Asks: 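Below you'll find the structure I mean.
Bear in mind that the values here come from a model prediction, so they are computed numbers and not experimental data.
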Amino acid sequence: MPTIRKTGRAKADGQAAPPSSLDGASSVPPIHADETIVKPFSDAELLSYVRALESGGAADETTLIHGDLMLDTRNRQAFYRSGKQPLALSAREYTTLETLIRANGEFLSFDELLEKVCGTGIFEQRDIMDGTLYSLTRKMRRMGFFITQRGHRYRIR
């Protein structure tokens, strides 16, 4: 039987603290109907869990969750904090973001990102990818997410 377990944080007066969203540092894998979802959890995680229960099995891969970010892979849209309006991302920015989230905290090389986002071939695409990473990094920083760089390797946290 699927359960939702509460693991609230205690305040100094002994009462449980209100639930907060998850840290942006970890990506949430697809939730299955037979798993336990632990509080505090984001609205996006709860929605993923409910969809898994409705389908009777694993949640479909149309929703990726990374902290307060939720990606709708079917419509190629990103949402922040269960917002109704999708984030203003170009197609390349969205693909870069999805690729970084699917990496689940692992560093990806510039060439790996370039191949996923722009394909292989023309050298001018390196400049396009540089611009994409720059603009996506600025947008994500406004929301408290950081695309970190170590040499020519990137990840989102």
Side-chain angles (χ1 to χ4, degrees), residues 2 4 20-157:
I4 296 178
S20 62
S21 63
L22 292 175
D23 293 343
S26 65
S27 179
V28 178
I31 296 172
H32 301 277
D34 59 346
E35 292 183 14
T36 300
I37 185 170
V38 180
K39 273 185 113 175
F41 51 82
S42 67
D43 292 342
E45 283 180 282
L46 181 59
L47 180 61
S48 176
Y49 186 77
V50 169
R51 285 183 182 158
L53 288 174
E54 287 175 348
S55 68
D60 55 319
E61 283 290 318
T62 61
T63 304
L64 293 176
I65 301 166
H66 180 82
D68 286 340
L69 275 178
M70 182 178 80
L71 272 60
D72 178 359
T73 58
R74 181 178 299 143
N75 297 317
R76 298 185 53 81
Q77 294 178 325
F79 298 89
Y80 180 65
R81 290 195 176 165
S82 305
K84 305 290 185 225
Q85 292 291 339
L87 300 176
L89 299 175
S90 71
R92 284 190 180 104
E93 289 170 340
Y94 175 84
T95 304
T96 303
L97 181 60
E98 181 179 343
T99 303
L100 288 168
I101 288 175
R102 285 186 186 275
N104 200 19
E106 297 294 320
F107 280 97
L108 295 175
S109 72
F110 182 85
D111 291 331
E112 289 172 319
L113 285 170
L114 179 66
E115 185 178 327
K116 293 272 189 190
V117 175
C118 298
T120 57
I122 306 170
F123 285 105
E124 288 80 27
Q125 291 175 340
R126 295 186 79 78
D127 292 336
I128 293 169
M129 191 67 216
D130 275 333
T132 300
L133 279 168
Y134 176 77
S135 62
L136 181 61
T137 299
R138 288 185 61 195
K139 290 176 183 180
M140 292 295 104
R141 273 200 187 128
R142 288 183 205 135
M143 293 178 277
F145 291 95
F146 296 93
I147 296 177
T148 58
Q149 180 180 355
R150 182 181 295 165
H152 285 286
R153 301 182 64 79
Y154 300 86
R155 72 176 175 184
I156 189 167
R157 55 180 190 96

Asks: State, with a plain yes or no, whether a side-chain heavy atom of Leu64 is found less than 4.5 Å away from one of Met70.
Replies: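 A side-chain contact under 4.5 Å is absent here.
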Asks: Can a side-chain donor-acceptor contact be found between Arg153 and Thr148 if the only test is distance below 3.5 angstrom?
Replies: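 No.
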Asks: Answer yes or no: is there a side-chain heavy-atom contact under 4.5 Å between Met140 and Leu97?
Replies: yes
Asks: Measuring only between side-chain heavy atoms, which start at C-beta, is Thr63 closer than 4.5 Å to Asp72?
Replies: no
Asks: Does Tyr134 offer a backbone N or O that forms a donor-acceptor pair with the side chain of Lys139 under 3.5 Å?
Replies: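 Flag not set: sc Lys139 to bb Tyr134 has no pair under 3.5 Å.
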Asks: Under the ring pair (Phe, Tyr, Trp, His ring centres under 6.0 Å) test against His66, which residue among Phe146, Phe145, Tyr80, Phe79 passes?
Replies: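 Testing His66 for a ring pair (Phe, Tyr, Trp, His ring centres under 6.0 Å) against Phe146, Phe145, Tyr80, Phe79 leaves exactly one candidate, Phe145.
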Asks: Does any non-hydrogen side-chain atom of Phe107 lie less than 4.5 Å from one of Tyr154?
Replies: no
Asks: Is a donor on one side and an acceptor on the other found under 3.5 Å between the side chain of Ser135 and the backbone of Thr132?
Replies: yes
Asks: Do the charged groups of Lys116 and Glu112 touch, with an N to O distance under 4.0 Å?
Replies: no
Asks: Rounded at 0.5 Å granularity, tell me how far CD in Glu98 sits from CG in Leu71.
Replies: 6.0 Å
Asks: side-chain contact (heavy atoms from CB on, under 4.5 Å) between Leu87 and Met143: does it pass, once the steps are laid out?
Replies: CA-CA 11 Å; Leu87 300 176; Met143 293 178 277; 3.7 Å; yes
Asks: Tell me if a side-chain donor or acceptor on Gln149 pairs with a main-chain N or O of Gly151 at a distance below 3.5 Å.
Replies: yes
Asks: Taking atom CG of Asp130 and atom CG of Leu114, what is their separation to the nearest 0.5 Å?
Replies: 9.0 Å
Asks: Taking the side chain from Glu93 and the backbone from Ser90, do they hold a donor-acceptor pair closer than 3.5 Å?
Replies: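 Side chain of Glu93 to backbone of Ser90, a donor-acceptor pair under 3.5 Å: yes, one is there.
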Asks: For the CG atom of Leu100 and the CG atom of Leu133, what is their distance to the nearest 0.5 Å?
Replies: 7.5 Å
Asks: Would one find more than 12 heavy atoms of other residues, nucleotides or ligands at under 6.0 Å from atom CZ of Arg92?
Replies: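 At most 12 heavy atoms, drawn from other residues, nucleotides or ligands, come within 6.0 Å of this atom.
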Asks: Which distance, rounded to the nearest 0.5 Å, do you find between the CZ of Arg102 and the OG1 of Thr95?
Replies: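 Arg102 atom CZ to Thr95 atom OG1 measures 10.5 Å (nearest 0.5 Å).
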Asks: Check this for me, if you would: do Glu106 and Arg155 make a salt bridge, where the nitrogen-to-carboxylate-oxygen distance has to be below 4.0 angstrom?
Replies: no
Asks: State, to 0.1 Å, how close Met129 and Val117 come at their nearest heavy-atom pair, and which atoms those are.
Replies: SD-CB, 3.9 Å
Asks: Would you say Glu115 has more than 12 foreign heavy atoms packed within less than 6.0 Å of its CD?
Replies: no
Asks: Side chains of Leu89 and Arg76, heavy atoms from C-beta outward: is any pair under 4.5 Å?
Replies: no
Asks: Is it true that Asp111 and Arg126 have a side-chain N and a carboxylate O under 4.0 angstrom from each other?
Replies: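 Salt bridge between Asp111 and Arg126, a charged N being under 4.0 Å from a carboxylate O: yes.
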Asks: Quick one: pull up CG in Leu136 and CZ in Arg141 and give me the separation to the nearest 0.5 Å.
Replies: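 Spacing of CG (Leu136) from CZ (Arg141) equals 10.5 Å.
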Asks: Do Ile147 and Thr96 pass the side-chain contact (heavy atoms from CB on, under 4.5 Å) test, and can you show the C-alpha distance, the side-chain angles, and the key distance before you say yes or no?
Replies: CA-CA 11 Å; Ile147 296 177; Thr96 303; 5.8 Å; no
